[in-house]
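It should be emphasised that the depicted structure is a prediction, and the values quoted were computed from it without experimental measurement.
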Amino acid sequence: MAAAVLSSSSCTVITISSSFKTRRHLTKTPQNPLLFKRNNSSNPTSHPFLPSRKLCKVQATILREDEEKKVVVEESFQPKTFTHEPVRGSPQSSSPSGLETWAIKLEQSVNVFLTDSVIKILDTLYHDRDYARFFVLETIARVPYFAFISVLHMYESFGWWRRADYLKVHFAESWNEMHHLLIMEELGGNSWWFDRLLAQVIATSYYFMTVLMYALSPRMAYHFSECVESHAFATYDKFIKARGDDLKKLPAPEVAVKYYTEGDLYLFDEFQTSRAPHSRRPKIENLYDVFLNVRDDEAEHCKTMKACQTHGNLRSPHSYPEDAFEDDTGCDLPQADCEGIVDCIKKSVTSPPSKQNI
């Protein structure tokens with residue numbers, strides 16, 4: 001990932017409108033645990049917002065009214081979408097209001113401006129220095145995830161809300177990006193002091209910006225990260241296509257072999273929220289395989305960031321029983337929590353304290 005990112009023509013969140021209607025339909029999309037979860041309740045109709053056990057609505061944010069442009073991610077990494085009619089009676093079944101739609105467009109316009117500005121700078125500095133560019137990008141790549149964790153820990157300290165899945169997934173994402181950084185360092189991307197200084201300055205600024213953005217609008221922060229991850233995917237994909245033959249002749253760094261193929265791969269599975277655990281086990285035989293898997297990691301980050309833009313939509317892939325990716329008996333409503341610091345403060349004042357679920 002990187003602070004460098006997608007142009008306005010390719011950085012757009014996809015509208016996802018979904019409802020689950022039949023078991024047969026769900027079993028065709030086992031790779032989408034973000035959108036459903038087994039419900040063991042004996043009385044699924046008892047909740048006023050859940051008309052039936054088989055129906056649950058998940059709606060993502062709208063980018064633009066007149067056009068939808070998909071993030072440039074190869075077909076094998078595009079998340080499934082559901083296009084059935086919304087569930088009536090669901091609190092999220094209605095389309096965003098005019099004010100909300102305007103706010104979304106404003107947030108995305110700011111994100112596009114910021115990412116366009118940074119990518120122009122990096123393109124100028126690193127147009128012929130690939131490994132140095134990747135080092136700078138991966139130094140910055142971990143920043144949003146531990147910025148998210150910082151804000152979530154603050155919310156926990158104040159007793160506003162707790163989400164263990166968010167903490168686990170975001171930590172796993174930062175762990176993955178850290179290993180990308182270690183790979184680029186082993187390839188010599190950090191050999192010049194200027195590259196190290198630039199990466200550190202940008203990362204520090206990016207951290208404080210992301211903390212503020214995430215506290216005020218998690219949706220905006222997740223969209224910004226989606227843009228960044230989309231650009232990262234496109235950058236590595238372009239590099240692989242241009243240098244693929246040469247990369248196949250070079251050995252893989254030891255740190256890449258250990259991360260992708262050895263030891264406990266729990267954290268490797270954890271950040272890939274649209275895949276069942278153990279479903280992806282990379283082979284690392286040469287440097288080409290390394291960059292191929294780094295690129296594919298960025299695609300997984302992009303899908304997770306897209307899903308996160310629907311509040312309460314993130315679930316750890318390890319939070320499900322093994323057969324949850326193959327079968328479904330319903331879906332759980334989001335836990336009670338708050339969305340952004342303003343909402344948290346408001347609810348802490350107007351609502352009585354209650355036991356927080358992890």
Side-chain angles (χ1 to χ4, degrees), residues 1-3 5 13 34 60-61 92 100 103-104 106-108 110-111 114-115 138-178 181 199-229 267 270-271 273 301 304-319 332-358:
M1 172 230 74
V5 315
V13 176
L34 282 171
T61 55
Q92 293 182 332
E100 184 179 1
I104 292 170
L106 177 62
E107 291 171 356
Q108 294 172 357
V110 172
N111 288 343
L114 292 174
T115 54
E138 297 300 347
T139 300
I140 302 166
R142 298 177 299 156
V143 169
Y145 301 119
F146 54 74
F148 299 158
I149 292 173
S150 297
V151 177
L152 294 175
H153 273 296
M154 180 187 70
Y155 290 167
E156 284 192 347
S157 298
F158 293 158
W160 287 341
W161 70 289
R162 295 183 176 92
R163 280 291 178 97
D165 279 6
Y166 277 68
L167 294 173
K168 289 195 298 180
V169 171
H170 291 330
F171 176 79
E173 288 171 317
S174 69
W175 186 256
N176 174 257
E177 298 288 10
M178 183 194 74
L181 175 62
Q200 293 164 0
V201 170
I202 296 177
T204 302
S205 303
Y206 188 25
Y207 172 79
F208 289 106
M209 183 196 78
T210 304
V211 166
L212 178 61
M213 185 185 294
Y214 191 62
L216 296 177
S217 176
R219 178 183 59 204
M220 182 178 183
Y222 284 130
H223 174 258
F224 188 83
S225 292
E226 183 198 348
C227 291
V228 172
E229 298 294 2
L267 286 176
E270 180 68 19
F271 79 87
T273 54
H301 291 309
T304 299
M305 292 298 96
K306 186 191 304 297
C308 284
Q309 290 167 57
T310 298
H311 182 60
N313 202 31
L314 181 63
R315 293 290 186 276
S316 162
H318 291 101
S319 296
D332 293 336
L333 291 175
Q335 304 172 35
D337 56 17
C338 52
E339 186 173 2
I341 192 169
V342 174
D343 189 37
C344 286
I345 295 174
K346 178 181 177 181
K347 289 183 177 179
S348 68
V349 173
T350 60
S351 301
S354 59
K355 183 177 180 181
Q356 296 289 335
N357 294 324
I358 295 180

Which heavy atom in [X] sits nearest to a heavy atom in [Y], and how many Å separate them?
| X | Y | answer |
| --- | --- | --- |
| Tyr145 | His170 | CB-O, 3.4 Å |
| Ser316 | Glu270 | OG-OE2, 2.7 Å |
| Glu107 | Ser217 | OE2-OG, 3.0 Å |
| Arg315 | Thr273 | O-CG2, 3.7 Å |
| Tyr206 | Ile140 | CD2-CG2, 3.1 Å |
| His301 | Phe271 | CE1-CD1, 3.4 Å |

Side chain to side chain contact (heavy atoms under 4.5 Å, CB included) partners for Tyr207, two or more places apart: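 For Tyr207 the side chain to side chain contact (heavy atoms under 4.5 Å, CB included) partners, ignoring immediate neighbours, are Val143, Phe146, Ala147, Ser150, Val211.
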Pair Leu267-Asn176, side chain to side chain contact (heavy atoms under 4.5 Å, CB included): steps then yes or no: CA-CA 8 Å; Leu267 286 176; Asn176 174 257; over 6 Å; no
Distance-only polar pair, side chains of His223 and Glu226, donor-acceptor under 3.5 Å: no
Gln200 and Thr139: side chain donor to acceptor below 3.5 Å: no
Return the [atom1] to [atom2] distance between [X] and [Y], rounded to the nearest 0.5 Å.
| X | Y | atom1 | atom2 | value |
| --- | --- | --- | --- | --- |
| Leu167 | Glu156 | CG | CD | 5.0 Å |
| Ser225 | Lys306 | OG | NZ | 12.5 Å |
| Asn111 | Cys227 | CG | SG | 5.5 Å |
| Phe158 | Met154 | CZ | CE | 6.0 Å |

Verdict with reasoning, Tyr222 to Tyr214, per ring-ring contact (aromatic ring centres under 6.0 Å, His included): CA-CA 8 Å; Tyr222 284 130; Tyr214 191 62; 5.3 Å; yes
Worked verdict on Leu106 versus Met220 for side chain to side chain contact (heavy atoms under 4.5 Å, CB included): CA-CA 9 Å; Leu106 177 62; Met220 182 178 183; over 6 Å; no
Does any part of the side chain of [Y], heavy atoms only, come nearer than 4.5 Å to the side chain of [X], both counted from C-beta?
| X | Y | result |
| --- | --- | --- |
| Met209 | Leu114 | yes |
| Glu173 | Phe148 | no |
| Pro144 | Met305 | no |

